[in-house]
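Notes follow once the structure below has been shown.
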Protein chains: 2
Amino acid sequence: MLDHVFFIAKMQDALNKNEMIVFGAHCAVWYSGRAESYLPDGDRLIIIKPDKTLLIHQPSGSAPINYMKEGCKVHINHSDTSLFLNCINIPLKEYLDIKLNSVHFFESHPMEDIQKIQLAGTEEDMADMIYKNPELIEPGFKPVSKEEQTKYGFIDVFGYDKNNVLVIIECKRYSADLSAVTQLRRYVEKIKASKGIDKVRGVLAAPKITPNSLKMLQDWGFEFCSVKPPKYLERYDKDQKSLGDF
Amino acid sequence: MLDHVFFIAKMQDALNKNEMIVFGAHCAVWYSGRAESYLPDGDRLIIIKPDKTLLIHQPSGSAPINYMKEGCKVHINHSDTSLFLNCINIPLKEYLDIKLNSVHFFESHPMEDIQKIQLAGTEEDMADMIYKNPELIEPGFKPVSKEEQTKYGFIDVFGYDKNNVLVIIECKRYSADLSAVTQLRRYVEKIKASKGIDKVRGVLAAPKITPNSLKMLQDWGFEFCSVKPPKYLERYDKDQKSLGDF
DNA sequence: GGGGAGAGATGCCGC
DNA sequence: GCGGCATTTCTCCCC
């Protein structure tokens with residue numbers, strides 16, 4: 001357990017230097033902003049990033065239990081008996097206060113990282129795959145160039161079938177749900193209205209679909225097409241030894 | 001910068017004890033599972049929780065850049081020249097590998113926390129508020145008891161207006177968007193079909209609504225009602241000094 | 001375990 | 001800044 005004076009000095013120095021700060025503490029947390037919350041005493045990990053994002057993590061789960069977005073101001077307040085971190089984000093009108101009962105450890109370090117993640121297997125990759133392999137939808141399907149699709153909004157893929165009927169395709173990389181069906185319906189109705197045509201096919205392309213969603217889809221005269229999302233980095237999957245090849 | 005042998009010993013001990021582990025490192029990350037990704041060398045904060053959730057955070061932003069869900073197995077592999085953390089989640093078929101170039105610091109500590117957060121100002125609170133104050137929707141609106149709403153699905157509030165016409169209300173705590181409108185449409189159509197009645201009013205209750213969404217709402221004959229979400233813990237907002245009163 | 005829906009969602013891109 | 005939308009969404013509740 002760290003001494004208050006020592007903790008305050010280290011913390012203030014690290015805040016001034018915009019270092020990555022991480023410490024463990026037994027604490028309670030109050031939040032007020034978009035909503036309001038109170039978290040009673042317990043052990044948590046607290047992170048303050050160089051961009052002044054603050055995260056509070058409990059010992060389990062992926063998501064932070066409390067947080068403040070980028071750009072919050074952190075003030076250390078203490079009396080003989082208590083130690084508080086008061087955080088405020090003025091433009092967002094958000095407030096978060098941490099009562100620190102004891103600090104288990106404290107670390108800070110400057111961090112540089114300009115790298116961005118390379119991600120494959122997204123919905124956009126799925127749309128690209130269908131453009132390049134239109135037979136995944138059906139024989140004779142002819143996708144229209146990507147540039148044109150922007151005129152009609154955020155439609156994933158559209159083109160014409162072998163009878164030259166317009167086809168709108170909504171891709172989902174996971175199991176298609178009710179909202180995917182209503183999204184497809186919105187696009188089909190939008191195109192029907194804007195182009196003044198009556199016959200437009202709507203196709204939901206996804207690896208699978210929930211039973212209720214399939215029923216709703218068919219009730220509205222749309223179709224489901226089973227398509228798996230692509231994984232462009234499969235090389236990694238097949239040869240774990242070649243990690244250095246990237 | 002920590003010595004490899006020292007780091008490995010500390011890490012293995014902390015993993016065995018199910019402690020909260022956090023360390024800073026210059027590293028690269030590969031992921032394969034629901035999607036695939038590669039993150040080139042950079043400084044990051046790496047967290048391994050007692051429940052074996054793994055999080056990798058860059059120096060900015062709220063969300064982890066890479067992660068593994070609860071229950072992953074962590075193996076330390078090293079040669080003369082390299083140090084790897086290989087993580088695997090067998091039931092989810094997910095894999096994550098970290099190449100550690102250097103470790104800036106390492107901390108671990110046992111953590112206990114059984115507390116749950118108390119949150120106010122959610123969509124459910126908003127529905128409760130409308131039940132208790134039906135005049136927020138319109139004079140003469142009579143909400144039906146909450147128990148009955150479950151028979152008809154996830155409808156936030158429903159009741160009858162002064163002319164005894166059925167009213168379905170969808171609440172949104174933020175600005176209502178297109179999906180909120182299609183969600184309301186689904187509920188109204190479901191109720192019309194299941195009860196065999198033709199006249200059902202649909203009301204979207206939210207603090208505001210986007211222009212496109214308002215147009216779509218009105219095109220389908222539904223209504224918008226401006227309602228602010230409640231904040232039950234306002235006491236805290238008004239008197240920051242009474243933090244200990246909870 | 002899957003389905004359905006909210007979230008203090010976050011993050012990205014476009015206007 | 002808002003709008004629209006995907007997300008390795010996460011989390012919760014209910015069946």
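In what follows, chains carry the letters A, B, and so on, assigned in the order in which the sequence lines appear, proteins first and then strands, with residues in each chain numbered from 1. No experiment lies behind these values; they were computed from the predicted model shown.
Rounded to whole angstrom, the span from the CG atom of B:Leu92 across to the P atom of D:dT9 amounts to 11 Å. Nucleotide D:dC10 holds its P atom 12 Å from the NE2 atom of A:His57, rounded to whole Å. Rounded to whole angstrom, the span from the CD1 atom of A:Ile155 across to the C1' atom of D:dC5 amounts to 13 Å. Rounded to whole Å, the distance from CZ on A:Arg186 to P on D:dA6 is 9 Å. Atom NZ of B:Lys208 is separated from atom P of D:dG1 by 11 Å (rounded to the nearest Å). Atom CG of B:Leu204 is separated from atom C1' of C:dG6 by 15 Å (rounded to the nearest Å). To the nearest angstrom, C1' of C:dA5 lies 15 Å from CZ of B:Arg173. The CZ-P distance, from B:Arg34 to D:dT8, rounds to 8 Å in whole Å.
With C:dG4, C:dA7, C:dG8 as the candidates, the nucleotide lying closest to the side chain of A:Ser213 is C:dG4. Side-chain atoms of A:Pro211 lie closest to C:dG3 of the nucleotides D:dT8, C:dT10, C:dG3. The side chain of A:Lys172 has D:dA6 as its nearest neighbour among C:dG8, D:dG4, D:dA6. Looking at the side chain of A:Leu178, the nearest of the listed nucleotides D:dT8, C:dG4, C:dG8 is C:dG4.
Looking at heavy-atom distances under 4.0 Å, B:Tyr67 makes contact with a base. Within 4.0 Å of A:Thr122, counting heavy atoms only, lie sugar-phosphate atoms of the nucleic acid but no base atom. Residue B:Glu124 is out of contact with every strand shown, counting any heavy-atom pair closer than 4.0 Å. Among the atoms of the strands shown, none is found under 4.0 Å from any heavy atom of A:Glu70. At a threshold of 4.0 angstrom between heavy atoms, the contacts of A:Ile209 with the nucleic acid are absent.
No more than 12 heavy atoms of other residues, nucleotides or ligands lie within 6.0 Å of CD in B:Glu124, so this atom counts as exposed by the packing criterion.
With 3.5 Å as the limit, one finds no donor-acceptor pair spanning the side chains of A:Asn212 and A:Thr210. Of the N and O atoms on the side chains of B:Lys73 and B:Asn86, not one donor lies less than 3.5 Å from an acceptor on the other residue.
Across the P atoms, C:dG4 and C:dG8 are found 23 Å apart, a figure rounded to whole Å. As rounded to the nearest Å, D:dA6 and C:dA7 have C1' atoms that lie 15 Å from one another. Distance check on atom P: D:dT8 versus D:dG4 gives 22 Å, rounded to whole Å. For the C1' atoms, the distance linking C:dG6 with D:dT7 amounts to 15 Å, nearest Å.
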Nucleotide N/O of nucleotides 13-15 of chain C paired with protein N/O under 3.5 Å:
none

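The nearest heavy atom of DNA chain C to A:Ala35 and to B:Ser60 marks one nucleotide each, and the one closer to the 5' end goes with A:Ala35. With DNA chain D read from its 5' end, the first of the two nearest nucleotides for A:Pro64 and B:Asn212 is the one closest to B:Asn212.
The CD atom of B:Glu70 lies 11.0 Å from the NZ atom of B:Lys52; values are rounded to the nearest 0.5 Å. One distance of note links NZ of A:Lys93 with OG of A:Ser32; it measures 11.5 Å at 0.5 Å rounding.
Within 3.5 Å, a donor on the side chain of A:Asn66 pairs with an acceptor on the base of C:dG8, or the reverse. Under 3.5 Å, the side chain of A:Glu94 and the base of C:dG8 form at least one donor-acceptor pair of N or O atoms.
Note on A:Lys69: a side-chain N or O is less than 4.0 Å away from OP1 or OP2 of C:dT10. The phosphate of C:dG6 (OP1 or OP2) has a side-chain N or O of B:Gln183 nearer than 4.0 angstrom. For B:Thr210, a side-chain nitrogen or oxygen approaches OP1 or OP2 of D:dG4 to under 4.0 Å. Contact annotation: A:Tyr174 does not reach the phosphate of C:dG2 (side-chain N/O to OP1 or OP2, under 4.0 Å).
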- Message: Walk me through whether B:Ile56 and B:Ile65 qualify under side chain to side chain contact (heavy atoms under 4.5 Å, CB included).
- Response: CA-CA 6 Å; B:Ile56 301 175; B:Ile65 188 67; 3.9 Å; yes

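Between A:Glu123 and A:Glu170 there is a side-chain heavy-atom pair separated by less than 4.5 Å. Contact of the B:Gln183 side chain with the B:Lys172 side chain is registered, since non-hydrogen atoms from C-beta on lie closer than 4.5 Å.
With both pairing distances under 3.5 Å, C:dG11 is matched to D:dC5 as a Watson-Crick or G-U wobble pair.
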Please table the atom pairs, donor to acceptor, closer than 3.5 Å between any side-chain atom in residues 218-225 of chain A and protein atoms at least two apart or in another chain.
residue  : atom : partner  : partner atom : Å
A:Asp219 : OD2  : A:Lys215 : NZ           : 2.8
A:Glu223 : OE1  : A:Arg201 : NH2          : 2.6
A:Glu223 : OE2  : A:Arg201 : NE           : 3.0

